[in-house]
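The structure appears below as structure tokens.
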Amino acid sequence: MRTLRRTLVMLVGLLVASAATAEPLWSAGRTGWSIGVPSMADEVVQYAARELKDALDGCSGANIRLANSISPNRPTILVASMEDKVLKPYLSKLGLTASEDEQCVVKLFKSGFLVIAGNQPRATLHGVYDFLERHAGVRFYFPDEELGTVVPRQASVVVPDGVRKVTPDFLLRNPYFGGDGKWHVKDFGGCDVKSMHWMHLRLASTIIPCCHGSRDFKYIERFGKTHPEYFALKKDGTRR
């Protein structure tokens, strides 16, 4: 285990240092692919790696190897997050910062080494979906593999040189899915289909309850005694 993690650190450190010589094209037809994910990674990061493998298997017709180590002798995709304390110093060199905002980066290196990483596990998953849509032509229309997800066969995947960093413009990105809405399938791989669709659309992982008014902010309980000036002044001089 320690050997594998040291290998990850050494390779990522080397590749970050050589980022200026990265090549812009990464061919989906190359053999010997592997997707590397640290064995102790958060379960969301491991899920992101499996999602990436399934989609790229469909795009390429290959069977991409999913491993807990990476090799300098084969094209490899590292899927990770800054919550991995070993990789955090190296991932931060790609522009990731620890914050509530979900940040993800995609970086291709000269050796064919590709990094998809987030500052938190959910951001890593968002980075995988962004990569698949932007570079592999995958589309998530509905949370159903057969009818709602399009995975086109691709001869190559083109990734521009440089670091692509994505930070959502809004912390809250929460559409409303009606409780009585019906889907054409009952579940999706053991997951609620609405939750799956939420992830595919890269919606918010932070929720501030404020439905149907400001009641759930509990302003009276929080500020009624300490800041009465926050509340409307009635005609009789009292406050609500």
Side-chain angles (χ1 to χ4, degrees), residues 41-48 51 79-85 88-89 91-92 94-106 116-134 138-144 147-149 163-240:
D42 182 273
E43 61 180 354
V44 175
V45 176
Q46 296 189 39
Y47 175 73
E51 286 282 89
V79 179
S81 85
M82 285 186 65
E83 290 196 358
D84 186 311
K85 295 181 180 180
K88 182 177 180 178
L91 296 179
S92 63
L94 298 180
L96 288 175
T97 58
S99 69
E100 292 184 1
D101 295 331
E102 298 155 3
Q103 300 174 352
C104 60
V105 298
V106 174
I116 302 177
N119 66 339
Q120 51 184 280
R122 183 69 170 269
T124 303
L125 180 60
H126 290 177
V128 165
Y129 290 143
D130 181 83
F131 172 83
L132 291 173
E133 287 192 340
R134 187 174 299 275
V138 176
R139 295 293 181 266
F140 303 101
Y141 295 114
F142 301 102
D144 173 28
L147 297 176
T149 302
V163 177
R164 171 174 166 75
K165 178 180 176 182
V166 177
T167 302
D169 292 327
F170 298 98
L171 179 63
L172 300 182
R173 306 179 302 282
N174 308 329
Y176 176 70
F177 294 114
D180 295 329
K182 302 298 182 182
W183 295 81
H184 66 286
V185 290
K186 293 183 178 180
D187 68 353
F188 183 80
C191 298
D192 178 84
V193 291
K194 294 182 181 180
S195 298
M196 180 61 68
H197 202 42
W198 191 282
M199 291 188 291
H200 283 163
L201 296 178
R202 299 183 291 282
L203 301 180
S205 57
T206 299
I207 298 178
I208 299 176
C210 57
C211 184
H212 302 292
S214 58
R215 180 189 64 184
D216 287 341
F217 286 113
K218 301 186 183 300
Y219 287 133
I220 295 177
E221 293 86 345
R222 293 164 60 196
F223 306 115
K225 293 182 179 180
T226 57
H227 291 282
E229 71 277 9
Y230 288 177
F231 302 92
L233 186 65
K234 298 189 291 186
K235 292 182 179 180
D236 62 3
T238 62
R239 296 183 184 274
R240 296 184 185 276

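Because the structure is predicted, anything quoted here is derived from the model rather than measured.
- Relative ring orientation between H200 and Y129 is described as perpendicular, the plane-to-plane angle rising above 60° on a 0-90° scale split at 30° and 60°.
- Looking at every heavy atom in both residues, V45 comes nearest to A80 through CG1-CA, 4.0 Å.
- With sequence neighbours left out, D130 forms a salt bridge (charged side-chain N to carboxylate O under 4.0 Å, His left out) with R134, R164.
- With sequence neighbours excluded, no residue forms a salt bridge (charged side-chain N to carboxylate O under 4.0 Å, His left out) with R122.
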Exercise for the section: Could you give me the CA-CA distance, side-chain angles and deciding distance for Q120 and M82, then say whether side chain to side chain contact (heavy atoms under 4.5 Å, CB included) is met? Expected result: CA-CA 6 Å; Q120 51 184 280; M82 285 186 65; over 6 Å; no

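- Remark: K165 NZ to L96 CG distance equals 6.5 Å, nearest 0.5 Å.
- Residues V128 and I116 come closest through the heavy atom pair N-CG2, 3.8 Å.
- Formation of a donor-acceptor pair under 3.5 Å by the R139 side chain with backbone atoms of E133 is found in this model.
- Between T124 and G118, the shortest heavy-atom contact is OG1-N, 3.1 Å.
- Between C104 and G127, the shortest heavy-atom distance links the atoms SG-CA, 3.7 Å.
- Residue-environment remark: NZ (K88) stays at or below the threshold of 12 foreign heavy atoms within 6.0 Å.
- The 12-atom threshold is not exceeded at CD of E43, counting heavy atoms of other residues, nucleotides or ligands nearer than 6.0 Å.
- Side chains of Y219 and Y230 form no contact here, defined as non-hydrogen atoms less than 4.5 Å apart.
- Qualifying salt bridge (charged side-chain N to carboxylate O under 4.0 Å, His left out) partners for R173, counting only residues two or more places apart in sequence or in other chains: E102.
- Here the closest heavy-atom approach between residue L91 and residue A117 is recorded as CD2-CB, 3.9 Å.
- In terms of modelled atom types and a separation under 3.5 Å, the side chain of T167 and the main chain of Q103 share no donor-acceptor contact.
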